[in-house]
Amino acid sequence: MRKFLKWYASLSIFLKCMIATVATFLILLIIFNVIQWWIIEETSESLEEKTLKDMAERLLHELDEEKSDASDVRPFLKYYVDKYEYDGLEINILDRSGQIVKQSTAQDWSSFIQHQVVNKEFSSIETYQGNEYTVLRIPIENNYEVYTVEYVKKNDVFHTIYQNSIYTLIIPFLVAMVLSLLVGLFLSRQFVGQIHELVDDVSQIQMKGLMHRLKIKHGKDELNQVRTAFNDLLDQVEDTMDQQKRFIEDASHELRTPISVFKGHLQMLNRFGKSNPEILDDSLMRMTKEIGHFEHMVQDLLLLSRLEHLQMDVNLPTQNLTVLVKEVTERFSVIDDEIIFDCQCDEICQVKIMPEHFIQLLTIFIDNGLKYTTTSPKKICIQLHQETASVILRVRDFGIGIPEQELMHITKRFFRVDKARSRSMGGVGLGLSIANQIVEKYGFQMAFESTVNEGTTVMITMPAG
């Protein structure tokens, strides 16, 4: 079945290539013939007229050589008509009064050609029964008489040339058709071969898993671009799956601790706590604390999930961040009056952002700074300045700091520099992940600077609103 499908695909692509090739060739052939017909038609009329003018010049030249007088002009003209008449050409000699002195016998087109006497050379195109005729009249003068020589010629040069050109195109046309078929067959086989190879590579991915990649060949053809794009997609899928795997592992690890605590205390209560109020109170207090920790983690996970699916509104409100900074610092000051805030903010710093998102960002940075500051009183420096096109927020703490090799990992979910200390402080390692998600949704830029035992600074660069 697979071979049949490959054969069918090859035949289908070959026929499409052939149809496209033949259609293109026929269109070009038609265009060429139209242009050729127009050129030949335009040039044939001038050729017919030039032929008659050459005959007239030859007549004048022969008359000049004869040096005839009035008595011998008429016989010479009669002789000239008999000598040069042929099928397709009519020569008429008219006298001064318009009477025909001599008329060629090869043709007789007097039925539609009106004989005219002229005193200077005159040419025209006459049409009769679908055919065109070139008429040329020239005066012949001597000392005693004036004659008009009238040439009438059927315009058959165009048809002769066009017919001959049609015949000469038959062989090139057949040759071009054969070459087109051969070239189309070659190209289609090459193209279909690459498609089959691509299908085989994809089949290998199904068999060997996402670790397998398509082979990238040299060149910049379309199929190679497809291979590159497909490999990039596989890289993204694999990276997403790895992140999911790590997330499940980290979440399982975080959930294992409160579950173990619950289980241990419940077992202890079952064995000793029923009759011992001290053990009962202590176990209930510890389990309540773990419930709070667990609830905090669930809320952070739900917030992360909502941020991942958040659709940004194009008409975001413009906020004065200075007002929001003051609101957040006042909240923390109410909770703990030992916190010292050093705020250096411009009076107006406007950014397009939802107020709850900026409050969430600033809360995360301040909360992290307070958790990892061991000295008392705890100090947080906040700088907010508006430049030409940006607003820059800096939040600095004077805590334990972050090792340089850990800075690139701090926005990952459940990542904590000091896991034991973080857990004792109630952290779950999701705060900076939430902050990073908010920053990415708004297209802001976030950077960290930290020195161990000196503190950490986070900087957010936002477009001015």
Side-chain angles (χ1 to χ4, degrees), residues 239-240 242-255 257-258 291-313 316-317 319 321 324-325 327-329 331-332 335 351-373 380 382 384 391-397 399 402 406-419 421-450 456-463:
D239 183 63
T240 301
D242 289 340
Q243 290 181 6
Q244 279 188 330
K245 182 180 178 181
R246 288 195 299 269
F247 173 76
I248 292 173
E249 292 175 351
D250 293 338
S252 300
H253 177 75
E254 292 294 329
L255 291 173
T257 301
I291 285 290
H293 178 81
F294 183 76
E295 182 183 15
H296 186 201
M297 181 177 63
V298 171
Q299 289 176 349
D300 286 346
L301 289 174
L302 290 175
L303 178 58
L304 272 174
S305 178
R306 287 196 297 268
L307 288 173
E308 287 179 352
H309 298 88
L310 177 65
Q311 298 294 329
M312 300 303 300
D313 189 356
L316 288 170
Q319 304 293 333
L321 300 188
L324 298 179
V325 169
E327 178 182 338
V328 174
T329 54
R331 290 181 184 177
F332 277 93
I335 297 173
V351 173
K352 290 185 176 181
I353 187 174
M354 297 299 294
E356 59 268 24
H357 290 159
F358 179 78
I359 292 174
Q360 183 77 41
L361 276 176
L362 190 56
T363 301
I364 290 171
F365 299 146
I366 295 176
D367 188 56
N368 278 350
L370 295 176
K371 284 179 182 178
Y372 294 102
T373 300
I380 301 293
I382 300 175
L384 185 65
V391 172
I392 298 177
L393 170 70
R394 288 184 177 88
V395 180
R396 182 185 178 188
D397 64 62
I402 304 171
E406 304 286 355
L407 283 175
M408 64 180 67
H409 304 295
I410 60 177
T411 58
K412 294 181 180 178
R413 296 177 181 180
F414 299 108
F415 181 83
R416 290 176 295 201
V417 178
D418 189 340
K419 292 180 170 54
R421 183 181 297 180
S422 299
R423 182 164 183 80
S424 65
M425 296 174 180
V428 296
L430 292 175
L432 290 180
S433 296
I434 295 173
N436 187 61
Q437 194 78 291
I438 294 174
V439 167
E440 289 183 351
K441 284 294 181 180
Y442 282 94
F444 299 162
Q445 294 181 355
M446 181 168 63
F448 294 90
E449 295 179 358
S450 185
T456 302
T457 301
V458 57
M459 183 176 70
I460 305 292
T461 303
M462 302 164 280

Problem set entry | Contacts of Q445 that satisfy side chain to side chain contact (heavy atoms under 4.5 Å, CB included) - sequence neighbours left out | T461
For this session: Could you walk me through whether M354 and L316 pass the side-chain contact (heavy atoms from CB on, under 4.5 Å) test, one step at a time?
Result: CA-CA 7 Å; M354 297 299 294; L316 288 170; 4.1 Å; yes
Exercise. What pair of heavy atoms forms the shortest contact from A435 to M446, and how long is it?
Worked result: C-CE, 4.5 Å
Exercise. If you measure from CG on L324 to CD on E356, what distance do you get to the nearest 0.5 Å?
Worked result: 10.0 Å
Exercise. Does E327 have any side chain to side chain donor-acceptor pair (under 3.5 Å) partners at least two apart in sequence or in another chain, and if so, which?
Worked result: R331
Problem set entry | Gap separating the CG atom of N368 from the CG atom of D397, nearest 0.5 angstrom | 8.5 Å
Problem set entry | side chain to side chain contact (heavy atoms under 4.5 Å, CB included) partners of P463, counting only residues at least two apart | F444
Seminar exercise, completed: On a heavy-atom basis, the closest approach of F332 and D367 is CZ-N, 4.2 Å
Exercise. Would you find a donor on one side and an acceptor on the other, under 3.5 Å apart, between the side chain of Y442 and the backbone of K352?
Worked result: no
Exercise. How far apart are the closest heavy atoms of I438 and H357, and which atoms are they?
Worked result: CD1-O, 4.0 Å
Exercise. In Å and rounded to the nearest 0.5 Å, what is the CD1 to CD distance from I353 to Q360?
Worked result: 11.0 Å
For this session: Would you please name every residue forming a salt bridge (Lys or Arg N to Asp or Glu O under 4.0 Å) with E440, sequence neighbours left out?
Result: none
Problem set entry | From I382 atom CD1 to L393 atom CG, the distance as rounded to the nearest 0.5 Å | 7.5 Å
For this session: Could you tell me whether a side-chain N or O of T411 sits under 3.5 Å from a main-chain N or O of S433, the two making a donor and an acceptor?
Result: no
Seminar exercise, completed: Partner of I359 under side chain to side chain contact (heavy atoms under 4.5 Å, CB included), picked from V328, I364, V325, is V328
Problem set entry | Side chains of I410 and I402 in contact at under 4.5 Å (non-hydrogen atoms) | yes
Problem set entry | Residues that S450 engages under side chain to side chain donor-acceptor pair (under 3.5 Å), provided they are two or more places apart | T456
Seminar exercise, completed: Taken to the nearest 0.5 Å, the spacing of F365 CZ from L370 CG works out to 13.5 Å
